[in-house]
Amino acid sequence: MTDRYTRLANGPLKALVKTLGLPSPVPLRRYRDGAYLSEPVLVLGAGAAADAYAQILLDNGFEVRRKPTSEKLSAVLAFFDEAQTPTDLSETALEIGGALRGLVRCSRVVVFSRDAHIAPERPADVDPALNAARSGTLGLMRSLAHEMRGGSTANGIVVSDGVPMDAPSVQGALWFLLSSKSAYVSGQPLHVTTADGEATTAEALAGTHLDGRVAVVTGAARGIGAAIAATLARDGASVVGVDVPQAGDALARTMNEVGGTALQLDITAEDAGRVIAQRVGAPIDIFVHNAGITRDRMLANMESSRWDSVIAVNIDAQLRINAQLTEAGAWGSSPRVVSLASTSGIAGNRGQTNYSASKAGVIGMAAAAADSFAAQGGTINAVAPGFIETEMTATMPTLTREVARRIASLQQGGLPDDVAEAIAFLAAGSSGGISGTTLRVCGQNMVGA
Ligand code: NAD
């Protein structure tokens, strides 16, 4: 599906779009254009973590500035991890503001903070002013993301107490957020909750960091699943693509293109997990639960077949497959599981009670299964795409589709590759400290924002 408006707004209609104040989405810089920008990175904040990251960036080949500058910048890193009260936010916040006009197109702001405790999970002894400062940092980051221009993004890295600010997963999250791989991620906090994860570098995370890993991708025949298969294969993984027999030809084509193996299987089959374990025949390092369907109807008109089939494919099959792979001892030594949720599972969506129930279910499953995967040295996370240009969204009514694209801060739909890059990042060895979370890949869509 092509976004004709974005093409026109950046071509023949550019002047008119500007005059009328219409949305002017900027073509995003993606991985094929290079992993990182070359302009200097400004590091703001006076604490030990800011100093450490200035050095880490230098060690990774970035040019670094420690004071506001009039030079063009590719990124601003802002450290709020030592903020004790909301008044501590102002100096660094205003310095970010002063740097924004110097940012080049498709640049990045990354805000570092410690975890705020939000009800109902808060410990009894949390200091209200400290918690306000931490929570306030996220509010700042989310609003800033709405204000970013020129295809640039703002995101947060939120590190739990007790986890070193320079833990491998914090560094891994930084390389992802700084790179073009996070083109369609904006306004999102990435939570690092443990110090686990393999050490990585900016260059390694931009390269074949999944070499030798075995990855299974469901729904791999087309759309987002095909992009995930291609991206994991690009990063070095051996991919097994699963899809229904009716999609056999498309699956074979996709797997031929990526050098993967096709497995025709309906994931709702009672023994799907056992069949996958047996057919893959090797420890599974990465499992991407991507297969999903919509059967939209208002709840008042919902037939049981529509409700049941969506629950069966989108969440029930995932639960059963995970359990059967565990029973079969099929996981590798530090498995990475990533499940496709949706912003509809966060915000709800008219006509999608079944779909939203299934996708909110995925978010709940990832949160609850994190501990059992941690016991195997692994992680499980969800990725919630917003509006992505695929055959699924191509069937939307024209006006609904156009609105869905423009209500994101980046004013456009994402591409399957954007979702795939987030999954490849969560599949990386360095992401071991990120588990039980949901990462939105939605261009900061207002839905559920
Ligand atoms: P798609 O319809 O283009 O592709 C889905 C694939 O899953 C198809 O190849 C299909 O044959 C396969 N599949 C369906 N049922 C299956 C089953 N029982 N067993 C095996 N394979 C099965 O969808 P897409 O747009 O690429 O979406 C992929 C995932 O991303 C889905 O989980 C979807 O809910 C989620 N998602 C998509 C969007 C979007 O904007 N496209 C937004 C949010 C979430």
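Since the structure is predicted, the reported quantities are computational estimates derived from the model, not experimental observations. In listed order, ligands and their atoms are each counted from 1.
Note: an N/O pair closer than 3.5 Å links I267 and ligand 1 by distance alone.
In this structure, L265 has a heavy atom closer than 4.0 Å to ligand 1. Contact between N290 and ligand 1 is present, with at least one heavy atom of the residue lying under 4.0 Å from the ligand. For A250, the closest heavy-atom approach to ligand 1 does not fall below 4.0 Å.
Within the listing of ligand 1, atoms 39 (C), 40 (O), 41 (N) sit less than 4.0 angstrom from a heavy atom of T393. Counting the atoms of ligand 1 from 1 in the order shown, those under 4.0 Å from a heavy atom of V313 are 15 (N), 18 (N). Atoms of ligand 1 found under 4.0 Å from any heavy atom of A341 (numbered from 1 in listed order, with element): 44 (C). Below 4.0 Å from some heavy atom of G219 lie the following atoms of ligand 1, by number and element: 6 (C), 7 (O), 12 (C). Interface of D266 with ligand 1, defined as ligand atoms under 4.0 Å from a residue heavy atom, comprises 17 (C), 18 (N), 19 (N). Numbered from 1 in the order shown, with element, the atoms of ligand 1 that lie under 4.0 Å from a heavy atom of A291 read 7 (O), 13 (N), 21 (N), 22 (C), 32 (O). Near G223, meaning under 4.0 Å from any of its heavy atoms, are these atoms of ligand 1: 26 (O).
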query: Should R4 and E402 be marked as a salt bridge (Lys or Arg N to Asp or Glu O under 4.0 Å) after you check the CA-CA gap, both sets of side-chain angles, and the distance that decides it?
result: CA-CA 10 Å; R4 197 173 336 149; E402 198 48 25; over 6 Å; no
task: Start with the C-alpha distance between R405 and E389, add both sets of side-chain angles, then the distance that settles salt bridge (Lys or Arg N to Asp or Glu O under 4.0 Å), and finish with yes or no.
output: CA-CA 9 Å; R405 285 174 173 146; E389 308 281 357; 2.7 Å; yes
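The aromatic rings of F62 and Y36 sit perpendicular, their planes meeting at an angle over 60°, well past the 30° parallel limit. A parallel orientation is assigned to the rings of F112 and F79, their planes being inclined by less than 30° (bins at 30° and 60°).
In this structure, the separation between OG on S344 and CZ on F387 is 11.5 Å, given to the nearest 0.5 Å. Note that CZ of R32 and CG of D417 are 7.0 Å apart. Values are rounded to the nearest 0.5 Å. The CZ atom of R297 sits 8.5 Å away from the CE atom of M302 when rounded to the nearest 0.5 Å.
Comparing V217, I224, I388 by heavy-atom distance to atom 37 (C) of ligand 1, the nearest is I224. The closest non-hydrogen atom to atom 42 (C) of ligand 1, taken over A220, S342, G386, comes from G386. Evaluated by nearest non-hydrogen atom to atom 1 (P) of ligand 1, the leading choice among R222, E391, K359 is R222.
Ranking the protein heavy atoms by distance from atom 11 (O) of ligand 1 puts D243 OD1, 2.6 Å first. In terms of protein heavy-atom proximity, atom 43 (C) of ligand 1 is closest to P385 O, 3.4 Å. Counting only heavy atoms of the protein, atom 5 (C) of ligand 1 lies nearest to G292 O, 3.9 Å. Protein heavy atom closest to atom 41 (N) of ligand 1, with residue, atom name and distance, is T390 OG1, 3.1 Å. The protein heavy-atom contact nearest to atom 23 (O) of ligand 1 is M392 CE, 3.8 Å. Nearest to atom 35 (C) of ligand 1 among the protein's heavy atoms is Y355 OH, 3.8 Å. For atom 17 (C) of ligand 1, the nearest non-hydrogen atom of the protein is V244 CG1, 3.5 Å. Annotation: atom 14 (C) of ligand 1 to nearest protein heavy atom, I293 CG2, 3.7 Å.
A donor atom on one side chain and an acceptor atom on the other are not found under 3.5 Å apart for T6 and Q412.
The minimum heavy-atom distance between S179 and R108, with the atom names listed, is O-NH2, 3.0 Å. Between S180 and R29 the shortest heavy-atom distance is CB-O, 3.5 Å.
Between the Q352 side chain and the G345 main chain, no donor and acceptor come within less than 3.5 Å of each other.
For the pair K181 and Y31, the cation-pi test (distance below 6.0 Å, angle within 45°) is passed.
Each of L57, N60, L37, N155 was checked for a side-chain contact (heavy atoms from CB on, under 4.5 Å) with L178, and the lone residue meeting it is L57.
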